[in-house]
Amino acid sequence: MAETGEQSASSPEDEAPEAATIYIIPKKEISMVPDMGKWKRSQAYADYMGFILTLNEGVKGKKLTSDYDVSETVEKLLDLLGTLDQWINETPPVDQPSRFGNKAYRTWFSKLEQEAEALVSAVLPAEKAAAAPEIAVYLKESVGNPTRIDYGTGHEAAFAAFLCCLCKVGALRISDQLAIVFKVFNRYLQVMRKLQRTYRMEPAGSQGVWGLDDFQFLPFIWGSSQFIDHPTLEPRHFIDERVVNEHHQDYIFLDSIRFINEMKTGPFAEHSNQLWNISAVPSWSKVNQGLIRMYKAECLEKFPVIQHFKFGSLLSIQPANP
């Protein structure tokens with residue numbers, strides 16, 4: 001599922017034999033601005049964008065409350081995220097002089113560092129157990145930075161990379177598309193919001209009012225796809241609080257707006273100017289296309305974000321197959 005169109009056409013016989021799979025602990029490869037060309041030409045970039053766009057297509061016109069299959073792997077991922085949630089309950093914030101960046105987050109994070117491989121092993125099929133150390137790196141990268149106690153779109157990208165890797169090893173399948181966004185990613189968002197609230201995490205690399213959102217980007221892409229061809233709800237409606245409250249359980253976009261409304265005070269046009277501008281776009285398909293372009297430009301093509309991305313065997317820095 002993570003593959004681009006050309007690769008997904010390959011038949012099982014084309015694939016290397018199981019025994020030949022050598023997993024690599026992912027590491028940083030983008031250390032200078034000129035390295036960004038390597039990233040954009042890489043197999044990792046092709047696979048990552050292919051994954052994002054496949055899910056974007058899969059959720060088009062569908063509600064969170066639609067019927068879809070929930071596989072055993074998806075259930076296991078929900079258990080994993082439930083464990084992370086439970087650890088927040090067990091690690092209350094500490095009293096400290098500074099308001100932001102509660103140091104108890106570091107205690108919470110150290111639990112994940114110790115347990116990540118075991119958590120990932122529990123999700124993987126037995127024959128793919130060797131992939132756990134590689135895939136666990138993306139899980140650890142997806143929850144924020146313990147030094148700065150911050151969280152942003154680079155961490156969110158690490159979670160999408162984590163899911164992409166699970167697809168590449170066959171733990172998640174094409175039939176899991178809706179559940180990946182509506183169950184797993186949605187649950188991840190809930191846990192990240194709880195972390196942000198509990199430990200008062202700083203937005204990583206925030207562009208303030210010039211950014212789309214302090215913490216997330218993907219729910220707006222996939223969420224706008226859900227609305228494509230909606231008979232009544234148009235982009236102008238999402239700034240109406242009544243619409244948000246009525247429909248947030250069906251649409252990930254509106255649920256994200258609801259969270260912003262809870263966390264920020266003052267006029268929406270002032271604290272979330274980019275989103276306010278989007279409400280003037282005539283159609284959801286134009287919003288969706290514009291957000292994909294913006295995501296590439298503001299997240300995936302920005303050195304301060306991608307310098308932290310890690311590459312292994314599943315998401316490789318090697319040039320993409322032509």
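All values derive from a computational prediction rather than experimental measurement.
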Shared hydrophobic cluster, [X] / [Y] (ILVMFWY, side-chain heavy atoms < 4.5 Å):
X	Y	result
Leu81	Val70	yes
Ile24	Leu315	no
Met263	Leu212	no
Leu189	Leu254	yes
Leu275	Phe259	no

Assess whether atom CG of Asp69 is packed by more than 12 heavy atoms of other residues, nucleotides or ligands within 6.0 Å.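 Result for CG/Asp69: open.
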Can the ring centroids of [X] and [Y] be said to lie less than 6.0 angstrom from one another?
X	Y	value
Phe159	Tyr138	no
His248	Tyr251	no
Phe185	Trp222	yes

Hey, are [X] and [Y] close enough for a salt bridge, meaning a charged N less than 4.0 Å from a carboxylate O?
X	Y	result
Glu29	Lys310	no
Asp176	Lys183	no
Arg258	Asp255	yes
Arg187	Asp85	yes

Can a donor-acceptor pair be found between the side chains of Ser313 and Glu134 at a distance below 3.5 Å?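 On atom types as modelled, these side chains qualify, holding a pair under 3.5 Å.
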Could you check whether the rings of Trp39 and Phe309 sit parallel, tilted or perpendicular, using 30° and 60° as the cut-offs?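 Because their plane-to-plane angle lies in the 30° to 60° range, the rings of Trp39 and Phe309 count as tilted.
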Do the ring planes of Tyr105 and Phe109 sit parallel (below 30°), tilted (30 to 60°) or perpendicular (above 60°)?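 If you compare the ring of Tyr105 with that of Phe109, the planes turn out tilted.
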Out of Val59, Asn186, Val181, which one pairs with Leu64 under the side chain to side chain contact (heavy atoms under 4.5 Å, CB included) rule?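 Result for side chain to side chain contact (heavy atoms under 4.5 Å, CB included) with Leu64: Asn186.
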Answer yes or no: is there a side-chain heavy-atom contact under 4.5 Å between Phe162 and Leu77?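 The answer is yes; the side chains approach within 4.5 Å.
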